[in-house]
Amino acid sequence: MKSSDPASDFGTLLGYAPGNVAVYSSDYDTADESIYPNRSAYRSYLDGIYMGYKWQCVEFARRWMYLNHGYIFDDIAMAYDIFELRSVRDVNSQNRLPLNAFKNGAKHHPQVGSLLIWEEGGEFEETGHVAVVVEVYEDKIRLAEQNVGHQIWPTNQSWCRELKAKVTKDGDYWIECSYSDATILGWMTQTDETEYAEPTSELNTDLFIIEAHKAVDTGQANKSWLNIANDDEAAYVEMMQGHKLTSVAEDQHNYFAISQTAQQSIEHATNELHGLFMHATDYVLQHPELLKKFNLPDVVINKIRQSWDNRLNQLITSRFDFALTAAGLKVYEYNCDSASCYMESGKVQGKWAKHFGVKTGVDAGQNLFKDLVKAWRKSEVKGLVHILQDDEPEEHYHALFMKEAIEAAGFECKLVIGLSTLRWNESGNIVDADGAQLSYVWKTWSWETALDQIREECEADQSLGDNFEPQFKIGETPRLVDVLLRKNVMVFEPLWTLIPSNKAILPILWSLFPNHKYLLNTAFELNDELLQTGYVVKPIVGRCGANIQLVDKQQQVIEKTMGHFAEQDQIYQQLFALPKVDDYFVQICSFTAAGKYSGGGVRVDKSMIINGHSDCMALRIK
């Protein structure tokens with residue numbers, strides 16, 4: 001095989017690795033839509049076990065392990081995360097076997113079957129890479145892999161790439177990376193031998209303690225510090241009725257800090273959980289009996305599937321809500337379609353720290369804005385972006401903050417408040433007051449908020465069933481359902497985010513990944529385990545902490561909220577209380593950009609339940 005050889009079409013058999021394990025081309029640009037019509041078609045299963053995404057490097061490494069040894073490594077967010085794993089699971093016995101990591105240059109040499117791991121960056125930007133070692137020599141090493149080159153292997157050759165190696169006089173084994181901008185971390189070997197292996201990082205959860213801090217009071221709270229020449233900051237100051245991060249006067253100098261260890265755990269959890277939620281979303285869409293539990297209008301179901309299958313409908317940003325305590329890190333839910341807290345975490349808390357002279361650590365949200373800009377650049381948007389919002393002060397400054405990010409990404413952006421200025425034109429397209437067509441939309445409305453209106457508005461169109469398309473009347477104002485479900489309008493966040501954002505996903509996640517370290521036991525019905533731990537009752541669709549009950553081990557309600565979601569179906573989640581730090585219960589929020597961790601913040605309340613009135617405060621990483 002020569003790198004100059006032509007690439008083979010996606011899915012072409014390139015060759016066989018030892019154990020007769022097939023290797024396929026992953027040249028995605030040549031994928032046949034008749035064979036791979038949707039996202040689900042790219043998911044690889046063997047004997048009912050999920051191997052990965054066709055035909056990526058991780059999928060091949062897991063499939064090779066399974067076919068040759070009967071064990072697999074756990075789901076990971078990125079290929080480089082494999083280097084942090086320390087066990088594999090025997091599929092038949094369910095026993096755990098040791099998996100040890102050896103850095104490039106270790107005295108414990110790679111073996112046939114070891115996994116060679118690359119760090120993220122350069123040739124393997126963002127993801128890293130994994131290959132299977134199939135031959136080992138003192139001067140070279142041979143690999144089998146997917147997603148590096150797409151050429152057919154020479155006949156009777158069981159490897160695709162060879163790297164130069166060197167053994168020092170002390171016995172250190174070094175492998176040269178063929179890419180000057182990439183780095184080999186080392187290799188993973190299933191072995192009991194730990195000499196020269198990287199130590200298993202014992203997580204000290206004492207470092208998960210959230211600390212309360214106070215900036216020295218030099219009268220900063222009496223001075224202006226946000227730049228009201230910027231539209232988003234002016235709107236924020238107007239809503240807050242002053243230059244402040246929290247609405248409580250006596251808290252103006254207060255902030256919270258966490259350790260770098262805690263931050264790294266949150267970052268890893270965010271990336272891993274995003275992958276788990278995506279896996280569960282696909283699973284739900286493949287099982288109609290589970291999809292019914294999400295209480296979605298029938299006319300929306302096919303639209304959700306189309307949205308999920310449309311690879312151009314990319315996620316810009318999302319938010320996880322965590323409890324971080326000495327007992328561990330647990331996720332409450334995934335707000336996969338939420339506009340809240342972004343400006344506070346991505347801009348305001350950083351400016352607050354500068355104005356108040358805070359030197360502790362670094363701003364937890366310092367990268368969020370620039371990562372949002374990158375996400376928009378990767379979004380496949382090809383024209384004007386309209387931002388739709390209600391006439392609400394909080395929505396307005398969030399809309400302006402996102403407008404700034406979209407424009408920084410190089411796109412023209414227009415703000416539309418409400419729907420009254422929109423019209424149907426003669427071609428059946430929706431246009432704004434200037435006649436510009438709506439093709440790309442980012443909305444402050446969450447899909448959950450819009451869903452009730454969509455249900456009501458769709459009742460008149462129920463006869464159309466699965467073939468529902470919004471009807472238009474030239475010159476009239478479109479309905480919300482007309483805008484958000486229009487085939488030629490790409491909405492961010494996409495419609496499929498209704499699934500991971502719905503709390504009905506939580507019991508399904510627990511069933512797919514029982515006892516996962518970041519998940520809480522959750523069920524559609526109360527069970528003995530939940531009765532023993534205490535539990536939280538949540539509506540499957542709700543916002544701002546409404547209609548939630550906290551019940552302790554003695555079956556006493558210790559906290560509850562009212563709201564508009566009492567008629568919704570409920571789920572039951574293990575009680576895992578937020579930590580109380582000084583006077584406040586503190587919830588960690590982690591944000592993603594394009595599905596990857598981008599920053600953090602906190603929301604606080606004197607109640608155990610974070611709600612729509614809970615304040616944001618600054619979070620620092622020490």
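FYI, the numbering just counts along the sequence from 1. Nothing here was measured: the structure is a model prediction, and the numbers come from that model.
- A donor-acceptor contact shorter than 3.5 Å links the side chain of H516 to the backbone of Y518.
- By the 4.5 Å heavy-atom criterion applied to side chains, D337 and K443 are counted as neighbours.
- Between T533 and F576 the shortest side-chain heavy-atom distance does not fall below 4.5 Å.
- Residues E392 and T444 are not in side-chain contact: their nearest non-hydrogen atoms beyond the backbone lie 4.5 Å or more apart.
- In this model, a donor atom of one side chain and an acceptor atom of the other lie less than 3.5 Å apart for Y334 and S318.
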Would you sort out whether K330 and Q574 count as a side chain to side chain contact (heavy atoms under 4.5 Å, CB included), showing the intermediate values? CA-CA 10 Å; K330 298 292 183 181; Q574 175 188 344; 5.9 Å; no

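- Between Y45 and H279, the ring planes are tilted. Angles from 30° to 60° get that label.
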Trace of the side chain to side chain contact (heavy atoms under 4.5 Å, CB included) decision for V91 with D47: CA-CA 11 Å; V91 172; D47 298 334; over 6 Å; no

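- Counting only heavy atoms from C-beta outward, the side chains of R89 and R96 approach each other to under 4.5 Å.
- In terms of modelled atom types and a separation under 3.5 Å, the side chain of Q555 and the main chain of L531 share a donor-acceptor contact.
- Between D615 and K606, none of the side-chain N atoms (NZ, or NE/NH1/NH2) sits under 4.0 Å from a carboxylate O, so this pair counts as no salt bridge.
- For the pair S598 (side chain) and F591 (backbone), a donor-acceptor distance under 3.5 Å is absent.
- For H268 and E84, the side-chain atoms include no donor-acceptor pair closer than 3.5 Å.
- In summary, K292 and D569 do not engage in a salt bridge, as defined by a charged side-chain N under 4.0 Å from a carboxylate O.
- Taking the six-membered ring for Trp and the full ring otherwise, F277 and F320 have centroids separated by under 6.0 Å.
- At least one side-chain heavy atom of R319 sits less than 4.5 Å from a side-chain heavy atom of S340.
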Run the side chain to side chain contact (heavy atoms under 4.5 Å, CB included) test on D363 and R620 for me, step by step, so that the C-alpha distance in whole Å, both residues' side-chain angles and the decisive distance to 0.1 Å come before the verdict. CA-CA 5 Å; D363 172 20; R620 308 289 292 181; 3.5 Å; yes

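- Y597 is not listed as a side-chain neighbour of Q264, based on a closest heavy-atom distance of 4.5 Å or more.
- Side-chain contact, Y584 with D251: a donor N or O sits under 3.5 Å from an acceptor N or O.
- Side-chain atoms of T360 and Y255 include a donor-acceptor pair closer than 3.5 Å.
- Of the possible donor and acceptor atoms, none in the side chain of E395 sits under 3.5 Å from a partner among the backbone N and O of Q389.
- Between Y397 and E344, the side chains place a donor N or O and an acceptor N or O closer than 3.5 Å (distance only, hydrogens not considered).
- Of the possible polar contacts, none joining the R603 side chain to the Q587 backbone as a donor-acceptor pair under 3.5 Å is found.
- Here the side chains of L575 and I558 are in contact, with some heavy-atom distance below 4.5 Å.
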For the pair I304 and F294, evaluate side chain to side chain contact (heavy atoms under 4.5 Å, CB included) and give the outcome as yes or no after the intermediate values. CA-CA 12 Å; I304 294 173; F294 287 70; over 6 Å; no

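- Taking the six-membered ring where the residue is Trp, the centroids of F369 and F401 are separated by under 6.0 Å.
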